[in-house]
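Working notes, structure below.
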Amino acid sequence: MGRGRGSVPRVLGRAFFARPALVVAPELLGCVIEHDSAQGSVAIRLTEVEAYQGELDPASHAFRGPTPRNAVMFGEPGFVYVYFTYGMHFCMNLVCAPPGTASAVLLRAGEVVEGLDVAAGRRGDIPARGLARGPARLTMALGVGRADNGANACDPASDLRIRPRSAAVDVAINAGPRVGVSTGETVPWRFWLDGEPTVSSYRAHARRRRPANPSASPSGHAQGFGA
DNA sequence: CCATAGATGCACT
DNA sequence: GTGCATCTATGGC
């Protein structure tokens with residue numbers, strides 16, 4: 001499904017990912033992640049991502065060096081790092097920077113542009129914009145799990161691959177603090193497309209037994225650059 | 001819309 | 001044992 005007979009899907013190249021996550025992340029907005037499975041293909045146009053800066057980044061799984069779990073992050077750019085969290089959710093990253101540098105971009109949300117029925121079968125009968133609104137929801141809608149850890153998204157023959165933007169991004173790219181992270185960093189490492197209903201609403205990580213922070217931006221559609 | 005609680009497996013201290 | 005790069009259900013406004 002989704003490709004002409006005998007043609008090969010166009011994918012982003014290794015060189016695109018062989019740069020720091022902070023550079024790659026905003027350029028991924030509008031690109032399309034696609035997964036083939038026995039149930040059919042699902043494609044999602046990315047509307048929200050987050051950069052993780054490996055050993056420089058206290059919030060990164062790679063902050064304390066390589067482990068069996070995060071090994072893929074230290075490997076080839078353009079490969080997929082899938083992790084399991086909260087006892088029930090999978091989230092997926094695209095690895096950035098040359099091997100040895102654990103830089104990666106978390107895919108946080110997107111718009112299902114192909115395989116709507118397949119995605120809905122996995123996520124249930126909810127408004128379409130909610131199918132991939134949130135990193136674990138996006139992964140579920142795609143049908144991605146443990147088995148996809150280490151897949152090469154730059155391989156056109158891969159079941160899990162990343163396509164370039166099919167159209168220019170004609171809205172503002174917003175930047176803000178990451179979700180679930182409290183490192184006190186001043187650099188905004190979360191990026192999203194302005195006005196997208198598929199962007200997950202921002203919550204300043206519901207810390208256990210701590211009052212809500214009234215100074216945090218409560219909206220998923222917060223201000224853009226320099227605002 | 002917003003806020004909170006509970007679920008639940010596992011990597012790592 | 002602790003704490004998750006989270007989600008859903010349920011409650012209030």
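The sequence lines fix the lettering, A, B, ..., with proteins before strands; numbering per chain opens at 1.
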Just compare B:dC12, B:dC10, B:dA7 and give me whichever is closest to any side-chain atom of A:F84.
B:dC10

To the nearest angstrom, how far is A:R64 atom CZ from C:dG3 atom C1'?
12 Å

Considering only heavy atoms from C-beta outward, does the side chain of A:L131 approach that of A:L116 to under 4.5 Å?
yes

What integer distance in Å separates A:L131:CG from C:dC7:P?
13 Å

May I ask you to test the A:V95-A:F17 pair for a side-chain heavy-atom distance under 4.5 Å?
no

Report yes or no: is there a donor-acceptor pair, N or O only, under 3.5 Å between the side chain of A:N70 and the base of B:dA11?
no

Testing C:dC7, B:dC12, C:dC4 for proximity to the side chain of A:Y86, the answer is C:dC4

A:T67 side chain, from C-beta outward: closest of B:dC12, B:dC10, C:dC7:
B:dC12

May I have the distance from A:I126 (atom CD1) to C:dC7 (atom P), rounded to whole angstrom?
11 Å

Quick one: which of C:dT8, B:dC12, C:dC4 gets closest to the side chain of A:R137?
C:dT8

Any A:V144 side-chain heavy atom under 4.5 Å of A:F90 side chain
no

Check this for me: does the side-chain of A:Y83 come within 3.5 Å of the base of B:dA11 through a donor and an acceptor?
no

Between the side-chain atoms of A:H61 and the base atoms of B:dA11, is any donor-acceptor pair under 3.5 Å?
no

Taking only the side-chain nitrogens and oxygens of A:R123, find out if one of them lies under 4.0 Å from OP1 or OP2 of C:dT8.
yes

Identify which nucleotide among C:dC4, C:dA5, C:dT8 has an atom closest to any side-chain atom of A:Y52, counting heavy atoms from C-beta outward.
C:dA5

Do A:V80 and A:V72 have side chains that get closer than 4.5 Å, going by heavy atoms?
no

A:F16 versus A:L28: any side-chain heavy-atom pair under 4.5 Å?
yes

Take A:H35 and A:V118 through the test side-chain contact (heavy atoms from CB on, under 4.5 Å) and record every step on the way to the result.
CA-CA 11 Å; A:H35 185 228; A:V118 178; over 6 Å; no

Taken to the nearest 0.5 Å, the spacing of A:T101 OG1 from A:Q53 CD works out to 10.0 Å

Rounded to whole angstroms, how far apart are CZ on A:F63 and P on B:dC12?
15 Å

Enclosure of A:R129 CZ (heavy-atom neighbours >12, cutoff 6.0 Å):
no

Side chain of A:R146 only, please: which of C:dC7, B:dC10, B:dA7 is the nearest?
B:dC10

A:R69 and A:Y81: which non-hydrogen atoms are nearest, and at how many Å?
O-CE1, 3.3 Å

Please work out which residues in residues 98-111 of chain A have a non-hydrogen atom less than 4.0 Å from an atom of DNA chain B and list them by number.
none

Pairing string, 5' to 3', for DNA chain B - Watson-Crick or wobble contacts under 3.5 Å, brackets [ ] where pairs cross, | to another strand
|||||||.||||.

For A:F90 and B:dT8, what is the distance between atoms CZ and P respectively, to the nearest whole Å?
15 Å

Nucleotide C:dC7, atom P - distance to CZ of A:R122 in whole Å
17 Å

Which one, C:dC7, B:dA11, B:dT8, comes nearest to the side chain of A:M88?
B:dT8

Within the 3.5 Å criterion, strictly below it, is a donor on A:E114 or A:S41 matched to an acceptor on the partner's side chain?
no

Does A:H89 make a side-chain N or O approach to OP1 or OP2 of B:dT8 shorter than 4.0 Å?
no

